[in-house]
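Notes for the one structure printed next.
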Amino acid sequence: MDEIQRWGNVTFGAPASADAIQACEAQLRHKLPDHLRRLLAETNGIEGEYGLGLLWSTQRIASDNAYFRNDADVRESFMPFAGLVFFADAGNGDQFAVSLSGNHEVYAWNHEDDSRAWVAPTVMRYLEEWMTGRLKV
């Protein structure tokens, strides 16, 4: 956590319990990538300046992903999100997601044009790039 604090002013949530992580995975019907599970076990959410959700809690991960996967209007307007798990937002409507396949890399989703762009190989690298201003969406 010290590493993350060096990148900027943040507030950490209490660690997520194993039960909270399992409940999130049960609602998603997928196991979370190991690097995301480990981070959630250290902090159940990271809030940046102005309340920016740098890492959502397990509850928000579960509820927001359920909405994006199940809402009829969302399904009509956007490509499927089944291979992704949203875990953070950019504060402008765009969101960050980790892939459920392959190397579990991180992508930015543009809510205006439904594009998905690779941004980082891991959630920790996304945090570093985003918090230090090297990542722009």
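Surrounding CG of N9 are at most 12 heavy atoms belonging to other residues, nucleotides or ligands under 6.0 Å away. Within 6.0 Å of CG on N70 lie more than 12 heavy atoms contributed by other residues, nucleotides or ligands.
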_Q95 vs W56, test: side-chain contact (heavy atoms from CB on, under 4.5 Å). Steps then yes/no._
CA-CA 11 Å; Q95 297 185 23; W56 296 339; 3.2 Å; yes
*Show the numbers, then the answer: is there a side-chain contact (heavy atoms from CB on, under 4.5 Å) between V137 and N110?*
CA-CA 8 Å; V137 293; N110 183 309; over 6 Å; no
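Side-chain contact between I61 and V85 is present, with at least one heavy-atom pair separated by less than 4.5 Å. Side-chain contact between E47 and F12 is absent, with no heavy-atom pair separated by less than 4.5 Å. The shortest side-chain heavy-atom distance between L28 and C24 falls under the 4.5 Å cut-off. Inter-residue side-chain proximity for T122 and L36 is flagged as unmet; no heavy-atom pair is nearer than 4.5 Å. P121 places none of its side-chain heavy atoms less than 4.5 Å from the side chain of V106. In this structure, the side chains of V98 and E105 stay at 4.5 Å or more apart for every pair of heavy atoms. For the pair L127/I46, a side-chain contact is recorded, criterion being any heavy-atom separation below 4.5 Å from C-beta on.
Taking F87 as the reference, Y126 meet the ring pair (Phe, Tyr, Trp, His ring centres under 6.0 Å) condition, with sequence neighbours excluded. For S115, the side-chain hydrogen bond (donor to acceptor under 3.5 Å, both in side chains) test picks out D113, with sequence neighbours left out. With sequence neighbours left out, the side-chain contact (heavy atoms from CB on, under 4.5 Å) criterion links M79 to D114, R116. Remark: S99 pairs with S101 by the side-chain hydrogen bond (donor to acceptor under 3.5 Å, both in side chains) rule, at least two apart or across chains. Under the ring pair (Phe, Tyr, Trp, His ring centres under 6.0 Å) criterion, F78 pairs with W109, not counting sequence neighbours.
For the residue pair V10 and M131, the shortest heavy atom distance occurs at CG1-CE, 3.2 Å. The two atoms that bring A90 and L52 nearest to each other are C-CD1, 3.6 Å, heavy atoms only. V119 and A108 get closest at one heavy-atom pair: CG1-CB, 3.8 Å.
Under the side chain to side chain donor-acceptor pair (under 3.5 Å) criterion, the residue pairs touching residues 19-38 are E25-R37, with sequence neighbours excluded. Applying the salt bridge (Lys or Arg N to Asp or Glu O under 4.0 Å) rule to pairs touching residues 65-94 yields R60-D89, sequence neighbours excluded. Sorted by first then second residue, the side chain to side chain donor-acceptor pair (under 3.5 Å) pairs that include residues 127-137, not counting sequence neighbours, are R125-E129, E128-R134, E129-R134.
Cluster partners of Y107, using a side-chain heavy-atom cutoff of under 4.5 Å among ILVMFWY residues and allowing indirect links, are L84, W118. When hydrophobic residues (I, L, V, M, F, W, Y) are linked wherever their side-chain heavy atoms come within less than 4.5 Å, Y50 remains an isolated member.
Remark: the backbone N or O of G13 is paired with a side-chain donor or acceptor of T43 at under 3.5 angstrom. Side chain of N65 to main chain of F86: a donor-acceptor pair is present (N/O by atom type, distance under 3.5 Å, no hydrogens or angles).
With rounding to the nearest 0.5 angstrom, the OG1 atom of T58 is 4.0 Å from the CG atom of N44.
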